[in-house]
Amino acid sequence: QVQLVESGGRLVQAGGSLRLSCTSSERTFSSYAMGWFRQAPGKEREFVATISWNGGNTIYADSAKGRFTISRDNDENTVYLQMNNLKPEDTAVFYCVADIGGWGTTRAAEYDYWGQGTQVTVSS
């Protein structure tokens with residue numbers, strides 16, 4: 001069982017920035033594609049971004065392009081989501097995810113492990 005622990009979510013004003021972190025204790029972390037999803041109240045979970053095992057490839061949702069950056073540090077077993085110019089519509093629980101056997105999917109069902117989530121609230 002891969003455990004993922006997110007941190008960094010908090011209340012921030014519109015236009016502000018946050019960096020989310022997700023840490024895994026798994027020694028094989030560097031072999032997994034990682035990603036972030038989010039779920040706003042009353043809405044379905046939606047894809048935000050994903051990064052390949054070595055950080056060489058990334059994919060973003062249209063809503064994240066130009067504002068969010070996903071990165072990873074395999075020496076620290078951590079994946080990050082830097083979020084800039086936050087908007088009230090970014091308010092959601094953000095989940096860290098791991099894809100053990102593949103890369104590049106934006107479908108939630110394809111990810112094998114999920115963290116518990118961290119709340120991001122953007123005030124107007």
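- The shortest distance between side-chain heavy atoms of Val120 and Leu20 falls below 4.5 Å.
- By the side-chain contact (heavy atoms from CB on, under 4.5 Å) test, Ser31 pairs with Thr28, sequence neighbours left out.
- When every heavy atom of Ser124 is checked against every heavy atom of Ala14, the shortest pair comes out as CA-CB, 4.3 Å.
- With sequence neighbours left out, Val48 forms a side-chain contact (heavy atoms from CB on, under 4.5 Å) with Trp36, Arg38, Ala64, Phe68, Leu81, Phe94.
- Hydrophobic clustering (ILVMFWY, side-chain heavy atoms < 4.5 Å, transitive): Val79 and Met83 are in one cluster.
- Legend: residues meeting side-chain contact (heavy atoms from CB on, under 4.5 Å) with Val5, ordered by chain and number and at least two apart, are absent.
- Between Tyr80 and Thr69 there is no side-chain heavy-atom pair separated by less than 4.5 Å.
- Residues Trp53 and Met34 have side chains not in contact (no heavy-atom distance under 4.5 Å, counting atoms from C-beta outward).
- Within the 4.5 Å cutoff, side-chain heavy atoms of Arg67 are placed close to those of Asp90.
- Within the structure, side chain to side chain donor-acceptor pair (under 3.5 Å) pairs that include any residue of residues 2-21 comprise Ser17-Asn84 (at least two apart or interchain).
- Judged as a side-chain contact (heavy atoms from CB on, under 4.5 Å), and not counting sequence neighbours, the contacts of Lys65 are Tyr60, Asp62.
- A 4.5 Å side-chain heavy-atom check between Asp99 and Thr105 finds at least one atom pair inside the cut-off.
- Under the side chain to side chain donor-acceptor pair (under 3.5 Å) criterion, Thr23 pairs with Thr78, not counting sequence neighbours.
- Seen from the ring of Trp114, Arg45 counts as a face-on cation partner, given the 6.0 Å and 45° thresholds.
- Taken together through direct or relayed side-chain contacts under 4.5 Å among Ile, Leu, Val, Met, Phe, Trp and Tyr, Val97 and Ile59 form part of one hydrophobic cluster.
- The 12-atom threshold is exceeded at CD of Glu89, counting heavy atoms of other residues, nucleotides or ligands nearer than 6.0 Å.
- Judged purely by atom type and a 3.5 angstrom limit, Thr91 has no side-chain atom pairing as donor or acceptor with the backbone of Thr121.
- Here Tyr32 and Tyr113 keep their ring centres 6.0 angstrom or further from each other.
- The OG atom of Ser30 lies 13.0 Å from the CD atom of Glu76; values are rounded to the nearest 0.5 Å.
- Taken from OG in Ser123 to CG in Leu11, the straight-line distance is 5.0 Å, to the nearest 0.5 Å.
- Put simply, Tyr111 and Val93 are part of the same group of oily side chains (I, L, V, M, F, W, Y) that touch within less than 4.5 Å, one to the next.
- Residue Cys96 holds its SG atom at 8.0 Å from CD1 of Ile70, rounded to the nearest 0.5 Å.
- There is a path of hydrophobic side-chain contacts, each under 4.5 Å, that joins Ile100 to Leu4.
- Looking at every heavy atom in both residues, Tyr95 comes nearest to Gly115 through CD2-O, 3.5 Å.
- Side-chain heavy atoms closer than 4.5 Å link hydrophobic residues (I, L, V, M, F, W, Y) into clusters, and following such links, even through other members, never connects Leu86 to Phe47.
- Between Glu46 and Phe37 there is no side-chain heavy-atom pair separated by less than 4.5 Å.
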